[in-house]
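By convention in this document, chain letters (A, B, ...) are assigned in the order of the sequence lines, proteins followed by strands, and residues within each chain are numbered from 1. All values reported here derive from a predicted model rather than from experimental measurement.
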Amino acid sequence: MKIRPLADRLVVKRTQEEEKTKGGIIIPDTAKEKPLEGVVVAVGSGKALKNGKVVALDVKEGDKVLFGKYSGTEVKVEGEELVLLREEDVLAVFTK
Amino acid sequence: MKIRPLADRLVVKRTQEEEKTKGGIIIPDTAKEKPLEGVVVAVGSGKALKNGKVVALDVKEGDKVLFGKYSGTEVKVEGEELVLLREEDVLAVFTK
Amino acid sequence: MKIRPLADRLVVKRTQEEEKTKGGIIIPDTAKEKPLEGVVVAVGSGKALKNGKVVALDVKEGDKVLFGKYSGTEVKVEGEELVLLREEDVLAVFTK
Amino acid sequence: MKIRPLADRLVVKRTQEEEKTKGGIIIPDTAKEKPLEGVVVAVGSGKALKNGKVVALDVKEGDKVLFGKYSGTEVKVEGEELVLLREEDVLAVFTK
Amino acid sequence: MKIRPLADRLVVKRTQEEEKTKGGIIIPDTAKEKPLEGVVVAVGSGKALKNGKVVALDVKEGDKVLFGKYSGTEVKVEGEELVLLREEDVLAVFTK
Amino acid sequence: MKIRPLADRLVVKRTQEEEKTKGGIIIPDTAKEKPLEGVVVAVGSGKALKNGKVVALDVKEGDKVLFGKYSGTEVKVEGEELVLLREEDVLAVFTK
Amino acid sequence: MKIRPLADRLVVKRTQEEEKTKGGIIIPDTAKEKPLEGVVVAVGSGKALKNGKVVALDVKEGDKVLFGKYSGTEVKVEGEELVLLREEDVLAVFTK
């Protein structure tokens, strides 16, 4: 089961933090700063303009994006933690 | 008697929580976190644009949707608890 | 004397609560939760768009509607308590 | 000397309250609830739309109107207390 | 030296209060309620619409106007106290 | 090195206050009320409308303007204190 | 790896502060006021208008800009501290 975001929303999977320090100590969840980076796993059909037209999103599936720490809504789908963002919450896209 | 939501609103029936723990203990209502998932049971006629046109909703009857915990208005119609949402409160639609 | 609501407003008569418990005790007014249901007794001429056009309301006289507990303004016209709502405060219309 | 309200504003003269109880006791001003009814004594030239067009008001001079208790600005012109309202503060018009 | 207000602004000279009571006592400035009336001494070139057109103001130089006690900005130009208002802060114009 | 303000912004040099009282006492900076007058030293290319057109500013380089005491952002460019305003923060232009 | 800002955003590298006083004392980070100047290192594809058109930004890569101290979002990309701004947060561009 997958989720399809609506309109100008997108689903992002946050980049996995390293769960252990080099010495092997497990860092409890609250001690790690949540990353600002993620990979887009699904995008909505586009942003609806006031005149009814729909503009496709600039961000594509697979893009690695940068987003604000307090943007969006976290959801858990089949045990996987995802973030639902609006495209305007995406600050920038990483390019190689 | 049914309800017809207006404009860009939709009626959602929240997915039923398990009312008992495995040992059979009944969890009182306030101890359960309200679910973020529901099934759409009725949709409005569409979102009215500023120029007077109406755009049909992207969400259809029967869709399983994800919505914010504090979105919408809860109503009780003939003993059934429903949630009245605007389409923009729907974060994503589940697809199989 | 009747009242004609302006623009996208409508006048609703709240559905009468049962004034007595089964044992015949009269419940004072403040002890009853105000109902969320009502019957539309008058509708305005329509919602004015920014370009000057007017769109007729989707709700008609006689419709039984559901509205938020804190929406609108209560008025008393010739001893009758009415609620003045904007159409967007109407959550849904009951259908048979 | 009269006043001409601008644009979508109108001047309302509140309906006079009974100044005495039946026994003849004068009720001081602050003990009376200010009425919600009034008669329109002047209307502005119309509401200016964003595209520059002007739409005439739906309320006419002489209409008896219902308006929110805290709407508008009270002014005193030649000893007469008037209320300056925007048309959208008018909830409804009385019809016979 | 004069001032030219921009766009939909206008310059108003407040109507002079009586500086003495009948017995000849000078009322200090803070004890007098500032008047709500004034005479327009200059008007801007007009309100710019979103589409770039400019609409001339409805208020003219020389008009006696009524404005909210807390509207606008007070300025002192060559010793003369003036009020800079936007046209929408003008409640009404006096007519003879 | 100069600065070019963007869009509907303009750069204003505040009119110099008298730094001494008549007796020759230097007034420390915080004891003087900051002036509301200034001379425009640079203007942006114009205000962008929602439809993409750009409207040239009404205020020109060299204009002596009046602006709100708390409007804009103060910047120091090569030791010179300037104020960056949006055109709508300009209340009026002085004319001779 | 570089970052591409979306829409009307741009990436700015703040102008490096002097890390030592003349006597060679290292000033800790919090003791230095963050500069208001920076060099644009990347710009978005343009600002999307409400009608769907996209207007290219007025600020170009390499421009030295002035921006508000509390504007934008700071990000660290490969050890380099950058600021993500919207074009409207850019107060002015330096010209030679």
How many angstroms lie between CZ in E:Arg9 and CD in F:Glu88, if you round to the nearest 0.5 Å?
-> 7.5 Å

Which portion of F:Lys64 sits near chain E, non-hydrogen atoms under 4.5 angstrom | side chain

Taking everything shown except F:Lys60 itself, do over 12 heavy atoms lie less than 6.0 Å from its NZ?
-> yes

Interchain contact, E:Val77 with chain F, by part (heavy-atom threshold 4.5 Å) | side chain

Under a 4.5 Å heavy-atom cutoff, which of F:Val65, F:Leu66, F:Val90 has the most pairs with chain E?
-> F:Val90

Whatever's closer than 4.5 Å to a heavy atom in chain E on F:Leu91 counts as both

Measuring heavy-atom distances to chain E, does F:Asp58 have an atom under 4.5 Å in its side chain, in its backbone, in both, or in neither?
-> both

Verify the neighbour count for atom NZ of F:Lys53: are there more than 12 heavy atoms of other residues, nucleotides or ligands below 6.0 Å?
-> no

CG/F:Leu49 to CG/E:Asn51 distance, rounded to the nearest 0.5 angstrom?
-> 7.5 Å

If one checks every heavy atom of E:Arg4 against chain F at 4.5 Å, the contacting part turns out to be both

Heavy-atom pair of closest approach, residues F:Ala92 and E:Pro5 | CB-CA, 3.9 Å

Heavy-atom contact with chain F under 4.5 Å, split by part of E:Leu6 | both

